[in-house]
**Q** 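The structure that follows is given in the form of C-alpha cells.
Just so you know, ligand 1 is whichever comes first in the structure, and atom 1 is the first atom listed for that ligand.
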Amino acid sequence: ASAALSVDHTALDGFGVERTFRAAASPGGYVLRDEHRNVETYDFGFGDPSVDEDLLPGALIASPPDWTPEAVSAHANAVAVADFLNDVLLRNNIDDEGGALVSTINCVVESDSPGPQQWVNAFWSPVSRQMVYGQVMHEDGLRSLSANLDVVAHEIFHGVTDVTARLEYANQPGALNESYSDIFGIVITNLGNDDPRTWDWQLGERLLPGNVPFRDLEDPTRHNQPAHMDDFMVLPNTQAGDWGGVHINSGIHNKAAHLMLTAEDADGDLVLTPSEVAAVLYLALSQRLSMTSQFSDSRRAVVASARTYFRGLPSDQLEAKVAAFTDAFDAVGITD
Ligand code: ASN
Ligand code: ZN
C-alpha cells in the first residue's frame with residue numbers, strides 16, 4: 001500500500017487524551033486506515049458479533065463527521081501495538097506477513113449485555129481474525145474497552161498466539177494463552193519505563209464499574225486469582241467454569257512473569273531488562289509452545305529460549321540470567 005495519501009490527524013481518545021494517528025484519503029474525506037502499519041478500524045453500530053460474525057468487520061470508519069473517542073482509541077492503540085510487534089519483536093503484524101490488523105468497535109453480545117448498547121468485554125475472533133470491542137456506561141457516556149492500551153494489546157496477542165503456539169483455550173494451555181496476552185499487555189503499556197519495579201501492573205483499569213481493574217500481575221490474589229500452584233483451581237471446561245479457569249489460573253503464570261521482570265542481583269540491580277524478558281517470552285510463545293502445552297512446558301520453553309537468547313554471554317552472566325527465570329517459576333511452584 002502507498003502511504004502517499006495518509007495524513008496525520010489529531011483527536012481525543014476514550015480517556016480524553018489527544019492522540020495523533022494516520023488516516024487515509026478517500027472520496028469526500030478520510031478513513032481509519034493506517035497504510036504504514038496496515039491497521040484498519042471499523043464500526044459495528046451496536047450489532048452482535050457472536051450472532052452476525054459474517055457481517056464483520058462492519059463499516060470502515062470515515063470522517064467527516066468528527067472522529068469519535070472510541071474510534072480514536074481502537075485505532076491509535078492498535079497502531080501502538082503494531083509498532084511494538086514491528087520494532088521490539090521484529091514481527092510484521094499478527095500474521096508476521098504484514099496482514100491487516102483489523103478492529104471493530106461498538107459491538108454488543110446481547111446474551112451478555114447489562115444494558116442498552118453495553119457489553120463489557122472484547123475478544124479476538126479466530127474465525128474473522130480480528131478484534132471486537134464492547135463498551136461500558138460511565139457518567140460521561142459510553143467508554144470503549146479499546147480505551148485501555150493493555151486490553152488492546154491483550155486481544156492482539158490472542159491473535160499472535162492463534163497463529164504461533166495455538167494454545168488450546170482450555171485448562172492449562174488456555175491459562176497460558178491468557179497469561180501471555182496479559183504479560184504482553186502490561187509490557188506494552190509500560191514501554192518507555194525501564195524499571196519494572198515502578199510499573200503499573202493492573203490490567204483494564206478505568207473500565208469496569210467503580211474502575212476496578214480486571215487483573216493485577218503483581219498481586220493476582222487482589223482479583224481472586226491464585227498466585228501459586230498450591231492454589232491452582234480445578235474447574236470444568238465449560239463457559240461457567242471459565243473453560244477450566246483460563247482467566248483464573250493465568251494468575252500463577254502472570255506472577256512468574258512479574259518476578260522475572262523485577263528480579264534483582266546482590267547489588268539490588270535488575271538482572272533482566274524488559275526487552276530481554278519480552279524477547280525470551282516471545283521466543284517461547286512463537287517457537288517452543290504448542291496446542292497442549294502445560295505450565296511446566298512454558299517453564300522449559302522459557303528457559304531454553306533464554307539459553308538461546310543469551311548464548312553469547314560469558315557463562316557466569318548467562319547462568320545469572322537463566323536463574324532469574326528458573327527462580328521465578330520456582331517461586332510460584334511451576335516445576336520442571
Ligand atoms: N476479554 C476476554 C479475553 O480476551 C474474552 C474471552 O473470554 N475470550 O480473554
Ligand atoms: Zn484473553
Side-chain angles (χ1 to χ4, degrees), residues 44 48-51 53 56 70 73-74 77-78 81 94 101-114 118-136 143-189 202-209 212-217 220 223-225 233 235-254 257 281 285 289 291 293 298:
F44 216 42
D48 187 333
S50 69
V51 174
E53 182 129 46
L56 287 171
E70 51 274 20
S73 282
N77 286 336
V81 179
I94 288 174
L101 213 156
V102 176
S103 313
T104 298
I105 58 165
N106 292 332
C107 295
V108 179
V109 172
E110 289 294 346
S111 60
D112 185 26
S113 170
Q118 288 194 78
W119 172 53
V120 192
N121 212 336
F123 63 80
W124 158 260
S125 165
V127 176
S128 303
R129 309 209 141 209
Q130 65 154 97
M131 280 69 63
V132 302
Y133 295 101
Q135 48 286 319
V136 56
R143 178 176 294 164
S144 173
L145 276 273
S146 70
N148 253 52
L149 176 60
D150 51 22
V151 171
V152 171
H154 176 105
E155 302 307 340
I156 289 176
F157 263 81
H158 278 314
V160 172
T161 299
D162 197 31
V163 297
T164 56
R166 297 162 66 232
L167 289 155
E168 184 189 6
Y169 205 66
N171 304 315
Q172 283 198 24
L176 287 174
N177 193 324
E178 272 303 310
S179 178
Y180 277 95
S181 271
D182 278 356
I183 294 164
F184 281 104
I186 290 299
V187 166
I188 290 169
T189 307
Q202 295 185 332
L203 198 103
E205 59 272 34
R206 293 191 290 167
L207 293 175
L208 295 181
V212 178
F214 298 131
R215 290 180 284 281
D216 185 322
L217 276 64
H223 302 287
N224 300 315
Q225 290 189 298
M233 289 187 65
L235 291 160
N237 183 14
T238 59
Q239 187 164 19
D242 186 32
W243 312 114
V246 296
H247 296 91
I248 295 173
N249 293 314
S250 53
I252 300 167
H253 195 266
N254 282 350
L281 292 182
L285 177 68
L289 294 176
M291 285 189 74
S293 294
S298 182

**Q** Under 2.8 Å from the Zn ion (ligand 2), can any N, O or S atom of H158 be found?
**A** yes
**Q** Could you tell me, atom by atom, which parts of ligand 1 come under 4.0 Å of a heavy atom of N121?
**A** 1 (N), 2 (C), 5 (C)
**Q** Counting heavy atoms only, which part of S181 comes closer than 4.0 Å to ligand 1: side chain, backbone, both or neither?
**A** neither
**Q** Just give me the atom name: the N, O or S atom of E178 closest to the Zn ion (ligand 2).
**A** OE2
**Q** How many angstroms lie between atom OG1 of T189 and atom CG of N148, to the nearest 0.5 angstrom?
**A** 7.5 Å
**Q** Nearest protein heavy atom to atom 3 (C) of ligand 1, by residue and atom, and its distance?
**A** H247 NE2, 3.6 Å
**Q** Give the atom numbers and elements of ligand 1 that come within less than 4.0 Å of a heavy atom of E155.
**A** 1 (N), 3 (C), 4 (O)
**Q** As an exercise, state the distance from CD of E205 to CZ of F214, rounded to the nearest 0.5 Å.
**A** 9.5 Å
**Q** If you round to the nearest 0.5 Å, how far is CE of M131 from CG of L145?
**A** 13.0 Å
**Q** Just which atoms of ligand 1 are under 4.0 Å from any heavy atom in H158?
**A** 3 (C), 4 (O), 9 (O)
**Q** I need the nearest protein heavy-atom contact for atom 8 (N) of ligand 1: residue, atom name and distance, please.
**A** Y169 OH, 3.2 Å
**Q** Would you mind listing which atoms of ligand 1 come within a distance below 4.0 Å of any non-hydrogen atom of H154?
**A** 3 (C), 4 (O), 9 (O)
**Q** For atom 5 (C) of ligand 1, what is the closest protein heavy atom, and at what distance to 0.1 Å?
**A** A122 O, 3.2 Å
**Q** Do S298 and Y180 get their side chains close enough for a donor-acceptor pair, meaning under 3.5 Å?
**A** yes
**Q** Going by salt bridge (Lys or Arg N to Asp or Glu O under 4.0 Å), name the residues that satisfy it together with D182, two or more places apart in sequence or in a different chain.
**A** R215
**Q** In Å, rounded to the nearest 0.5 Å, how long is the span from CD of Q239 to OG of S111?
**A** 7.5 Å
**Q** Does the side-chain contact (heavy atoms from CB on, under 4.5 Å) test come out yes or no for V102 and R129, once each step is laid out?
**A** CA-CA 8 Å; V102 176; R129 309 209 141 209; over 6 Å; no
**Q** Within a strict 4.5 Å, meaning less than it, do heavy atoms of the I248 and N224 side chains meet?
**A** no
**Q** What are the atoms of ligand 1, with element, lying closer than 4.0 Å to any heavy atom of E178?
**A** 3 (C), 9 (O)
